[in-house]
2 protein chains.
Amino acid sequence: MPLPSRVTDLTSFDLLLSVAELGSIGRAAKAHGISQPAASARLRQLERQVGVPLLERATRGARLTTAGELVAGWAQPVVERAADLEAGIAALRADRHTHLRIAASLTVAEYLLPRWLIALRAADPDTVTALSSGNSHEVAEQVLAGDVDLGFVEGPELPPGLRAADVATDELVLVVAPGHRWASRRRRPRAAELAGTPLVSREPGSGTRQAWEWALLACGETELAAPLLEVSSTTAIKAAAIGGIAPAVLSAHAVVPELDAGTLVRVPVPDLDLRRRLRAVWPSGQTLRGPAADLLTIALRSRTEG
Amino acid sequence: MPLPSRVTDLTSFDLLLSVAELGSIGRAAKAHGISQPAASARLRQLERQVGVPLLERATRGARLTTAGELVAGWAQPVVERAADLEAGIAALRADRHTHLRIAASLTVAEYLLPRWLIALRAADPDTVTALSSGNSHEVAEQVLAGDVDLGFVEGPELPPGLRAADVATDELVLVVAPGHRWASRRRRPRAAELAGTPLVSREPGSGTRQAWEWALLACGETELAAPLLEVSSTTAIKAAAIGGIAPAVLSAHAVVPELDAGTLVRVPVPDLDLRRRLRAVWPSGQTLRGPAADLLTIALRSRTEG
DNA sequence: TGGATGCATAGGCTACGGTTATGCCTTTGC
DNA sequence: GCAAAGGCATAACCGTAGCCTATGCATCCA
């Protein structure tokens, strides 16, 4: 189900937020680098699309109406997450000549790194960061080879020659469609049944898949059923699980919205320990300095907060 | 600071998510109601803007690259919040001939209602909901007058003739710019100092402002300083507080991102009880049924989860 | 080997969003 | 009381971004 066109263009909503902050359409226009008539037209069109007046235009400026306040409140989280997206893209795009090179496993890169990068930009405004992503093994390799200044890995393995610091913990969760038999409280599976059930999962190299298999092995389950379906993206896995194809195992971060909405149900598996540490790593001999040290500090600070 | 143009158009990112879910550009195009060449062009342009390939095009379909997986992961929260925004706008826009009419105070409408409406649409797909927003007193009036089927209010007051059920608790927080003296742990203000300090605040009718004043009165502070600045929107209040104009009092929900980013600092005020109940209200004589009953159920369920 | 599937390219059209120029209204200050 | 300034709306013009249809090309499969 695609997003309705009413909300696909964030420019107008961003402009509305600027009007709320600055108190006039003209100042908001200037802040966005467009002319006042252009801003006025955009806001008028936004009001037409919403169907109710959002601004009270006065001779001294413009103020939000009650409806405008509501729309601004709903729009703000959208632009905040868009800022996260932008920070991530900027790091992906950053060409070779950057001040800080980092590598991160998928989980860290997806759910934690954008916020850290925004905080880093506040601390070191001129720092350009380049991000490369891969599985934990690849990240460790890049740190050891000196290709990056700082790495973020998941899982227990840690090659010699690296120092590490915990920055977060991640938890895998088993999810099924609401109609699945495991969704019922009395039908919860034990380790043996889990091992014997084909799942929808990532390709073999995936850290998530490895962690799942190791957790089962730790329970003494040596015979693991082959996956029913192997797909490349988290989105596709969720779609397959929602469609009732098979149960799936994903990072808890990834399924928050689906659990909220009830389109997926979490199945507790007390037999298995599915938690894993997310750690920053850097070469043993080396003391971090400059932006790399700042980023590590930011990551450690966010740990104590969360 | 306006949003970079790279992320202002969500259409391409939404399309990318559909490709991840459906496995081919053509199917994603069909899901979005556009032609396959149009989708192909959009994705190609997206890749140009990001600067790295996002898709592996094969003869059998298209799969996400590692970078594509990252971008999709960052984009997903954006489109989710955009869906909340859309749900809110749809309720604002809904004309008179609707099945369910609700009224909500600003805090509930801003932070809780969109999710509930999305869940309601899943339960009753054909229900059209109309939302009106006002302060708690106005909401209660509308419920009593029969103008709406269900209301959501904040604060302790409750007119006779209404039944109520708790759906959430809200907490007000006192925030200052990082440089403010109250930001220091040893300089925390007592009730008397709080009462004597001009704040930046909403206009007098606001429920947030009333709750703050009542909390001070409950401490025996009868002499309250007049606000330094009265502005109309939450956004403007935050901007003023960030700018160091004066401390501000806002719903905890409203300042989560600023506290995360460190642009605002929360000042604990143990002297004051700033919590308040958020409640659903409906006419005493009446048993809720249909969509109104479903919405109440959804709201109560979300309470137990959160 | 022929058909089906799926992505890319080409050409043409529409419409949207931007700019500058200008007008009108209200508040402010001498 | 009048001039100046601040702020929003309207008008006329223009460039381009994005969509569609038609078509081509590569790969997989029967």
Side-chain angles (χ1 to χ4, degrees), chain A residues 2-50 52-65 68 230-233 236, chain B residues 2-50 52-65 67-68 72 230-233 236:
Chain A
L3 221 44
S5 70
R6 218 162 22 193
V7 295
T8 48
D9 182 17
L10 299 188
T11 315
S12 306
F13 294 102
D14 198 20
L15 194 60
L16 182 69
L17 290 173
S18 290
V19 174
E21 184 179 335
L22 300 173
S24 100
I25 296 178
R27 274 194 289 275
K30 186 173 293 181
H32 283 247
I34 62 175
S35 68
Q36 172 265 319
S40 188
R42 280 205 95 105
L43 290 166
R44 194 161 291 280
Q45 175 199 330
L46 182 63
E47 287 180 306
R48 269 212 337 272
Q49 284 173 344
V50 174
V52 295
L54 304 175
L55 293 174
E56 267 179 37
R57 286 134 175 106
T59 170
R60 207 73 201 115
R63 307 165 72 84
L64 295 189
T65 63
E230 285 186 7
V231 287
S232 70
S233 81
Chain B
L3 223 43
S5 69
R6 215 157 30 186
V7 295
T8 48
D9 181 18
L10 299 188
T11 315
S12 305
F13 295 102
D14 198 20
L15 194 59
L16 182 70
L17 289 173
S18 289
V19 174
E21 182 179 336
L22 301 173
S24 101
I25 296 179
R27 274 193 289 277
K30 186 172 292 182
H32 284 247
I34 62 176
S35 69
Q36 171 267 318
S40 187
R42 282 207 92 106
L43 291 166
R44 193 161 291 279
Q45 175 199 329
L46 182 64
E47 286 179 308
R48 269 214 338 272
Q49 285 172 345
V50 174
V52 296
L54 304 176
L55 293 174
E56 266 179 39
R57 288 135 174 101
T59 169
R60 206 75 200 114
R63 306 164 74 85
L64 294 190
T65 63
E230 285 186 5
V231 287
S232 69
S233 81

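In what follows, every chain begins at residue 1, and chains take the letters A, B, ... in the order their sequences are listed.
If you find the closest nucleotide of DNA chain C to T11(A) and to P37(A), the one lying nearer the 5' end belongs to T11(A). Residues R57(B) and S35(A) each lie close to DNA chain C; by heavy-atom proximity, the contact nearer the 5' end of the strand is made by R57(B).
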Requested in this report: Would you check, one step at a time, whether the test side chain to side chain contact (heavy atoms under 4.5 Å, CB included) holds for L55(B) with T65(B)?
Outcome: CA-CA 5 Å; L55(B) 293 174; T65(B) 63; 5.7 Å; no
Query raised in the report: Stepwise, does the side chain to side chain contact (heavy atoms under 4.5 Å, CB included) test hold for D9(B) with Q49(B)?
Result: CA-CA 12 Å; D9(B) 181 18; Q49(B) 285 172 345; over 6 Å; no
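In this structure, CD1 of I25(B) is placed 17 Å from P of dT5(C), rounded to the nearest angstrom. For L22(B) and dG6(C), the CG to P distance is 11 Å, given to the nearest whole Å. Counting to the nearest Å, the P atom of dG6(C) and the CD atom of E56(B) are 17 Å from each other. The CZ atom of R44(B) sits 12 Å away from the P atom of dA10(C) (whole-angstrom rounding). As rounded to whole Å, 13 Å separates atom P of dC7(C) from atom CZ of R63(B). Going from atom CG of D9(B) over to atom P of dG17(C) covers 11 Å, rounded to whole Å. Q36(A) has its CD atom 14 Å from the P atom of dA21(C), to the nearest Å. Rounded to whole Å, atom C1' of dC7(C) lies 13 Å from atom CG of L15(B).
For A236(A) against A20(B), the heavy-atom pair with the smallest separation is CB-O, 3.2 Å. Of all heavy-atom pairs spanning S18(B) and H32(B), the tightest one is OG-NE2, 2.8 Å. The minimum heavy-atom distance linking V7(B) with F13(B) is given by the pair CA-CE1, 4.0 Å. Heavy atoms only, all atoms of each residue included: A29(B) and A39(B) are closest at CB-CB, 3.5 Å. Residues A67(B) and V52(B) come closest through the heavy atom pair CB-CG2, 3.7 Å.
Nearest nucleotide to the side chain of R27(B), out of dG17(C), dG6(C), dT19(C): dG6(C).
Using a distance-only test at 3.5 Å, with no hydrogens or angles considered, a donor-acceptor pair links the side chain of E47(B) to the main chain of L54(B). With hydrogens and angles disregarded, a donor-acceptor distance shorter than 3.5 Å links the side chain of T8(A) to the backbone of S5(A).
S12(B) has its side chain out of reach of Q45(B): every pair of non-hydrogen atoms, C-beta onward, lies at least 4.5 Å apart.
Counting any heavy atom pair closer than 4.0 Å across all strands shown, A62(A) reaches sugar-phosphate atoms only and no base atom. A38(B) comes within 4.0 angstrom of sugar-phosphate atoms only, judged by non-hydrogen atoms across all strands, and of no base.
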Protein-nucleotides 25-30 of chain C N/O pairs closer than 3.5 Å?
residue: dT26(C); atom: O4'; partner: T59(A); partner atom: OG1; Å: 3.4

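In the helix from dT1(C)-dA30(D) to dC30(C)-dG1(D), the rotation axis of the first five pairs and that of the last five pairs differ in direction by 30°, rounded to 10 degrees.
On the nucleic acid side, DNA chain D contacts chain A at distances under 4.0 Å to non-hydrogen atoms, with the end points of that region at dG6(D) to dT10(D).
Screening D14(B), T11(B), L15(B) against L3(A) for a side chain to side chain contact (heavy atoms under 4.5 Å, CB included) leaves a single residue, D14(B).
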